[in-house]
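See structure below.
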Amino acid sequence: MKHSRFLLLFALGLIAFFSKAQENRGFGVAQATPEIIEGKKYALVMGNNIYDHENAWPKLNNAVNDAQDVAAALQQFHGFEVTFLQNSTKKNFLDAFRSISDKVQKNDRFLLFVAGHGDFDPDLTKDGYLVFKDSQDPKVDSYRGTYVDYTLLNSILDNLSCDHVGVILDVCFGGVFNESLRKSSSRGQNNMYNRIAPETYAKMMLGYRTRKVLTSGADEPVTDGVGRNSPFTSRVLKSLTSTEKLVSMERIFQTVRSETGKGLLNPFGSNKVGSDFIFRYKLEGILADTNPLGNNEMDPKDHALTLVQGGFFKMGGTEYDAQPIREVKVDDFYISKHEVTVAQFEEFVLATNYITDAEKAGNSENWRHDPRGMERLKSDYNQPVIYVSWNDAVAYCNWLRESTGDFFRLPTEAEWEYAAKGGSSSKRYTFAGGNSAFDVMWFDQNADNNIHAIAKKTPNELDLYDMSGNVYEWCADYYGPYHNDDTDNPKGPEAGTDRVTRGGSWRDYEENGSPSYRNSFSQGEGADDIGFRVVRATYE
């Protein structure tokens, strides 16, 4: 009898032991998970289409698009602070890496995304490399000193101060990022996220030291693809922009693998076994109406400005006042990625005690109001400022110029149209950023008769938001007919009564969102659908 009692107690003890073990592994329903300790999310996103040595590194079509779209998804859907590099040199890449490494803390998350050319030396180093705009032909640079080798990149990434590091490489030979990745069939680590609650899974994963890399292929070339994105990145974006609560590296890998049959996922460095990189584990607070482009300062070094490389383009369109269509040259300039927001304009007013034309005239509606005439809540200060005249916009530019020492001004009509059409990267879309008005602009069919926060629609080829729709934008030029002989950085008529506005608005038909569509307004008056963006020019 005593023997039977002993066996019973022993069996109950084993059951209790294994139940506790299962709970500790994350399978127990009653598991008590610790509070999530979260820091900030940082990302370095690079896309390179153009290379100085095209004989070795031909121009790509979609690498910049891939990077732009991933950057936008990380900002809008996951709350990352993104540093974006386009057609970057090796020095710019390493400088950006150092800047981020100086900021990250233990509980922060860091993601590196790269789209472009990659290389592999099968003979001397047997190492893989990232290729940059200024990387030389490997026949000349046999030691690849103008590249970044994966051995160095592994070391830099592994030594970052943060516990959670993820890497996504859409480059040729990306699978040689490390030896274990190249040799692995790489079907991920686990599917635990399918079996337990998203927050429970996230708490477990955020407690691990994570070093994960996802690549588009092994030691092989990968396709740039047709359309806007590569096959690999289009699947990554499908996961990043989903409305699922939990988005993790494992989840993205499963999507890529199931739809393309390709993709490799492996740990590297000091990764803890069973880890996963968490992008998001809940929707609350991520898809809110916040500014996905960062702070409200318009600084010349701020990422809210993008370089537009000069060139020639066909200016004009089918509209009666957009003819004749002629070839126009514009020089390099920087332009803000989005319209000036209420918050940015408020900073100017507070710094200068500026009084707008609407306020001087005693109008009941001014820059503080929305299109319905209601005073805006602070939560709406990431919407474009409206009710500002051309004079007010110029005053704002002059303040920026005095504050920074750089030549800020309104864009010329030619610059605005060139940027809206995508500059030298133009794909000749119907609207700025695409052929579907619903994808790229707020207009009378989808705006719900109101203005919207900046950067909520798809950007154009230059990563510029809302060039079509939301609000018209002031240009520097007087409104007047085009002339065939005005083709070198045209600045419009020397005199006039009205100033040009461009881009269409929330109240307009979609046709008004065409990059060639022109409108005009008296320079001393504002309206509930006119705002502006700024240019930092390289000439006066």
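These figures come from a predicted structure and were not determined experimentally.
Of the charged side-chain nitrogens involved, none lies within less than 4.0 Å of a carboxylate oxygen, so that Lys41 and Asp108 do not count as a salt-bridged pair.
Between the side chain of Ser275 and the main chain of Lys272, a donor-acceptor pair closer than 3.5 Å is present. Distance alone, capped at 3.5 Å, places no donor-acceptor pair between the Gln105 side chain and the Ser161 backbone. With hydrogens and angles ignored, the 3.5 Å screen pairs no side-chain donor or acceptor of Ser99 with any backbone N or O of Ala96. Remark: the backbone N or O of Thr146 is paired with a side-chain donor or acceptor of Asp141 at under 3.5 angstrom. Side chain of Asp121 to main chain of Thr125: a donor-acceptor pair is present (N/O by atom type, distance under 3.5 Å, no hydrogens or angles).
Annotation: the span from Trp57 atom CH2 to Asp137 atom CG amounts to 8.0 Å, rounded to 0.5 Å. The distance from the CD1 atom of Ile278 to the CG atom of Leu206 is 5.5 Å, given to the nearest 0.5 Å. Note that CD1 of Ile50 is 4.5 Å distant from CG of Asn87, once rounded to the nearest 0.5 Å. Note that CG of Leu157 is 15.0 Å distant from NZ of Lys212, once rounded to the nearest 0.5 Å.
Using cut-offs of 30° and 60° for the angle between ring planes, the Phe268 and Phe177 rings count as perpendicular. By the 30° and 60° cut-offs, the orientation of the rings of His452 relative to Trp442 is parallel.
Enclosure of atom NZ in Lys90 by more than 12 non-hydrogen atoms of other residues, nucleotides or ligands within 6.0 angstrom is indicated. Within 6.0 Å of NZ on Lys238 lie no more than 12 heavy atoms contributed by other residues, nucleotides or ligands. Heavy atoms from other residues, nucleotides or ligands lying under 6.0 Å from CZ of Phe438 number more than 12.
Asp170 pairs by the side-chain hydrogen bond (donor to acceptor under 3.5 Å, both in side chains) definition with Ser216, Ser230, Thr233, not counting sequence neighbours. Annotation: salt bridge (Lys or Arg N to Asp or Glu O under 4.0 Å) contacts of Lys106 (sequence neighbours excluded): Asp163.
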